Amino acid sequence: MIQINNVSKWYGSFQVLTDCTTRINKGEVVVVCGPSGSGKSTLIKTVNALEPIQKGDIIVDGISISDPKTNLPKLRARVGMVFQHFELFPHLTVTENLTLAQIKVLGRNQAEARTRGLKMLDRVGLMVHKDKFPGQLSGGQQQRVAIARALSMDPIVMLFDEPTSALDPEMVGEVLDVMVLLAKEGMTMMVVTHEMGFAKRVSHRVIFMDNGKIVEDCKKDEFFGDPDARSPRAKEFLSKILQH
Amino acid sequence: MNLNLDFGFLNWGVISSFVAKGFIFSVQLTLVAMIGGIALGTLLALMRLSGKKWLVMPAAFYVNTLRSIPLVMVILWFFLLIPLLIGRPMGAELSAIITFTVFEAAYYSEIMRAGIQSVSKGQVYAGYAVGMTYPQCMQLIVLPQAFRNMLPVLLTQTIILFQDTSLVYAIGAYDLLKGFEVAGKNFNRPVETYLVAAVVYFVICFGLSMLVRRLQKKIAIIR
């Protein structure tokens with residue numbers, strides 16, 4: 001579904017990604033973890049070309065993102081993305097947030113978009129808030145709406161960029177519950193997160209990044225079950241994050 | 001000092017035959033220059049933020065030039081230059097409308113530029129992520145928020161614009177101030193009419209300022 005081939009990226013002279021290669025298969029849930037500044041958020045943003053890459057290539061569903069002939073908006077419309085800071089459109093109601101891109105990008109009619117959007121809203125359990133503005137919802141609720149917004153577009157894959165990092169602790173659970181449900185339904189997911197509980201429960205593979213490089217890329221059971229086989233940097237990260 | 005003021009001559013007849021016409025033109029000029037100025041200003045702001053040199057440079061030149069020249073000079077120049085360029089004179093009123101639109105666009109563009117920059121990069125990402133093109137992202141996500149964030153400033157600029165319309169006296173256009181001036185001359189009461197004119201400008205502008213403040217609370221985006 002997603003092939004990341006030898007991707008490198010620089011901000012000026014500073015290299016943020018170095019020769020990253022991995023792939024995400026259909027139906028797979030892959031968790032990307034690593035310390036702050038390791039480039040994991042940058043990597044996930046390159047998958048739908050929100051961040052340009054200078055070397056290598058990324059193939060999403062057979063389409064190269066660096067091919068100048070690729071229609072990027074069209075490709076992005078098929079890739080759902082959830083952001084750390086939700087990024088709901090604050091000037092629109094929840095329903096409008098769910099329907100806007102369906103109507104303007106996919107060309108669905110109002111009724112069709114509304115039906116689809118509200119179905120997704122119901123799925124994340126927020127139907128009662130359909131006429132509110134994002135600012136009237138809690139962080140956890142906003143993030144669930146953001147997930148519903150992405151799902152309304154019928155994506156072939158979902159990207160999550162630290163979806164729970166900006167949330168109060170008591171709201172993390174409600175967002176993770178939605179994500180677990182999604183994973184169990186067989187959605188292809190790439191998830192940048194520090195939630196190791198989520199990784200253990202539903203992920204198939206774990207990618208560990210440090211200093212812009214993919215240091216570990218292995219099955220979940222290997223990653224958590226066999227610490228001795230891990231690189232020193234991953235071991236250190238795991239010991240810090242798992243001891244609490 | 002003997003002021004000896006007499007406002008007795010100012011009745012509805014005088015107002016409707018001298019002042020009303022000027023008032024209507026002042027309002028007309030303000031509204032057209034506001035709508036045209038915001039439209040052109042938004043375009044200039046988008047050009048300046050495009051990151052493309054061939055768009056940034058002319059927009060920056062336009063804005064910086066007009067913001068560095070006194071309005072009254074622009075009004076005069078335009079009025080005097082256009083007949084030379086098109087070969088026939090243009091009415092003072094039409095000339096004023098075009099000048100104000102062009103001039104105010106420079107100020108509105110700086111307001112819109114700040115407004116666009118007040119919308120976070122994450123919002124643009126979110127627009128792109130659901131498959132929007134750059135124009136869609138601007139039109140549907142960024143500009144509506146920029147416009148709402150900046151509405152009080154845009155309206156305050158419009159109030160200043162309304163006051164500045166009095167500068168069309170330089171080319172003899174018949175505006176609100178001119179209306180009072182003509183009435184004053186007719187009745188040989190210039191001091192009284194200028195006083196009343198000041199009060200009228202004050203009431204309109206101060207009233208609008210109050211309105212803007214109330215509006216600000218009402219339209220703010222819930223965050």
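Proteins get letters first, then strands, A, B, ... in listed order; numbering begins at 1 in each. Since the structure is predicted, the reported quantities are computational estimates derived from the model, not experimental observations.
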Under 3.5 Å: donor-acceptor pair, side chain of A:Q143, backbone of A:P163:
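Between the backbone of A:P163 and the side chain of A:Q143 there is a qualifying donor-acceptor contact (under 3.5 Å).
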Go through the atoms of [X] and report whether side chain, backbone, both or neither lie under 4.5 Å from a heavy atom of chain B.
{"X": "A:H85", "value": "neither"}
{"X": "A:R149", "value": "side chain"}
{"X": "A:F83", "value": "side chain"}
{"X": "A:L72", "value": "neither"}
{"X": "A:Q84", "value": "neither"}

Any ring pair (Phe, Tyr, Trp, His ring centres under 6.0 Å) pairs touching residues 40-83 of chain B, not counting sequence neighbours?
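Sorted pair list comes back empty.
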Determine which residues belonging to residues 125-144 of chain B lie within contact range of chain A, meaning some heavy atom pair is under 4.5 Å apart, and list them by number or answer 'none'.
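Result: B:Y125, B:A126, B:G127, B:Y128, B:A129, B:V130, B:G131, B:M132, B:T133, B:Q136, B:L140, B:I141, B:P144.
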Using side chain to side chain donor-acceptor pair (under 3.5 Å) as the criterion, list what pairs up with A:R23, not counting sequence neighbours.
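Per chain and number, A:R23 pairs via side chain to side chain donor-acceptor pair (under 3.5 Å) with A:N25.
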If we define contacts as heavy-atom pairs under 4.5 Å, which of A:L106, A:L75, A:L88 has the most with chain B?
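The residue among A:L106, A:L75, A:L88 with the greatest pair count is A:L88.
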At a heavy-atom distance under 4.5 Å, which candidate from A:K45, A:H91, A:M81, A:E51 has the highest pair count against chain B?
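Most pairs with chain B among the choices: A:H91.
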Answer yes if the side chains of B:D175 and B:T165 hold a donor-acceptor pair under 3.5 Å, and no otherwise.
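Side-chain D/A pair, B:D175 to B:T165: absent.
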Please step through salt bridge (Lys or Arg N to Asp or Glu O under 4.0 Å) for the pair A:D154 and A:R108, ending with a clear verdict.
CA-CA 12 Å; A:D154 299 310; A:R108 291 179 180 162; 2.3 Å; yes
Suppose the criterion is salt bridge (charged side-chain N to carboxylate O under 4.0 Å, His left out): which pairs have a residue in residues 32-54 of chain B, not counting sequence neighbours?
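Listed once each, the pairs are B:R48-B:E110.
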B:F202 and B:F206 aromatic ring geometry - parallel, tilted or perpendicular at 30°/60° bounds:
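Because their plane-to-plane angle is under 30°, the rings of B:F206 and B:F202 count as parallel.
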If you draw the axis of the six-membered ring of B:Y174, does the NZ or CZ of B:K21 fall within 45° of it and under 6.0 Å from the ring centre?
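Judged by the rule (NZ or CZ under 6.0 Å from the ring centre, within 45° of its axis), B:K21 counts as positioned above B:Y174.
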Looking at A:Y11, is A:K9 sitting on its ring face, NZ or CZ under 6.0 Å from the six-membered ring centre and within 45 degrees of the normal?
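Ring-cation test returns yes.
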